[in-house]
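The structure under discussion appears below in the form of structure tokens.
Just follow the structure's listing: the first ligand is 1, and inside any ligand the first atom is 1. Please read these numbers as outputs of a predicted model, since none were measured by experiment.
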Amino acid sequence: MKAVAVRPGTPNSVHMQEIARPSVDQVADGLGVLVKVLKVGVDATDREINDALYGNAPEGDDYLVIGHECFGVVEAVGENVKRVKPGDFVTATVRRPGNSIYDLIGTNDMTSEETYYERGINLRHGFLTEYFVDEEEYIVRVPQGLQHLHVLQEPMSCAAKAVHQAYEAQRRMKVWNPKVAYVLGAGQIGLLTTLVLKLRGLEVFTLARGEAPNLKAEIVEGMESTYVSTAQTSMSELVAKTGRPDLIVDATGFSPLAFEAMEHIGHNGVVVWTGITGGERKTEVPSDKINIEWVLGNKLLLGSVNANRGHFEMGIRDLALGDMMFPGVLEKILTNPVDGLDNFQEMMRLLVEDKDALKVFVNVASA
Ligand code: BGC
Ligand code: ZN
């Protein structure tokens, strides 16, 4: 069967690879789930993998099948699978366990080992192919009523984790009732984080470069949140209006802004970084100012990557509630479909060149 792969280490090596069709009994103990892939989303990580900045092939292979945001339908299950059945819509988690204590308790997203295993990213093949098989543990059911939001499940799980981590860390405060949040960046993670925070009752300001009106502003406003163009209003100017925020989530992938957030967070507040910055950029920061304010204000900086099964389930609940609360808004994120695996060059082109493509995804098959 067909798969879209790269040769890690070789820039711009995206190509079509012929691979064997998997079967349910490849997974031990009757716990296998065979999934027919319907759609796969791609993001900046796939672009960086194709630029050879990131990603490794599984041991013994010289290629890596890419794609980590999947939506599919269960084709067959092993005899001990309980959670899903043929015909169910599903997605899959991305990270697979290593050997640290966190991996052993189902929180692979928190591994303390240097090496991590991620399908479509590092040392494990991904989903940009016709079928894949995995253990029941890593397959998450997607409600029928959310099939129109298909490939958003994985990015949503990352947004759900980022916010959940902030609340977990803030248990240090005994009482924490955040009122104002800034989300930096209005790409998929920024927009989905806006939703998660809005549903938690915060007043959310989502900052991005482009001037409104534009699609990102329309989506943010559709979620009854405020879009702020940094071309018109700087973060300092916004703080002058709103007061310092209680929570800032950076989802820009631009490290100078991630650091700038540190100058604006309020007392006892949290800054969460979610951006993955594959480059070597250096930036100057007012370190004395940040240092003293952070100490005197008991502030916290948190990094958040990936998501485990629990975060996928949280994300699915928020997508369902968000879709009822703000009908028709979330699907606007799904801007750029590409038809068929054969069109992988067009997929990469959109990802690299089209700055307006909020979400590029491949229609692999129909249900
Ligand atoms: C993926 C995450 C992954 C991270 C680091 C992101 O694009 O969505 O699941 O953990 O890259 O590899
Ligand atoms: Zn991703």
Heavy atom of the protein closest to [atom] (residue, atom name, distance):
atom: atom 6 (C) of ligand 1; result: Thr45 OG1, 3.5 Å
atom: atom 1 (C) of ligand 1; result: His68 NE2, 3.5 Å
atom: atom 10 (O) of ligand 1; result: Glu118 OE2, 2.6 Å
atom: atom 5 (C) of ligand 1; result: Tyr54 OH, 3.2 Å

Side chains of [X] and [Y] only: does a donor on one sit below 3.5 Å from an acceptor on the other?
X: Gln188; Y: Glu69; value: yes
X: Thr274; Y: Ser304; value: no
X: Gln232; Y: Glu211; value: yes

Cationic tip of Arg200 above Tyr167 ring, under 6.0 Å, 45° of axis: yes

Measure from NZ or CZ of Arg96 to the centre of the six-membered ring of Tyr138 and say whether it is under 6.0 Å with the direction within 45° of the ring axis. yes

When you look for heavy atoms under 4.0 Å from ligand 1, do you find them on the side chain of [X], its backbone, both, or neither?
X: Asp109; result: neither
X: Ile276; result: side chain
X: Asn306; result: both

So what does the Asp43 OD2 - the Zn ion (ligand 2) - His68 NE2 angle come to, to 10°? 110°

Taking the side chain as everything from C-beta on, heavy atoms only, tell me whether Asp318 gets closer than 4.5 Å to Met156. yes

Under a 4.5 Å cut-off applied to non-hydrogen side-chain atoms, are Thr242 and Phe205 in contact? yes

With a cut-off of 2.8 Å, does any N, O or S atom of Cys158 fall short of it relative to the Zn ion (ligand 2)? no

Would you say Tyr116 has any N or O atom under 3.5 Å from an N or O of ligand 1, going by distance alone? no

Going by heavy-atom distance to atom 2 (C) of ligand 1, choose the closest among Glu154, Lys161, Glu69. Glu154

Taking 4.0 angstrom as the limit, do Arg7 and Asp62 come out as a salt bridge? no

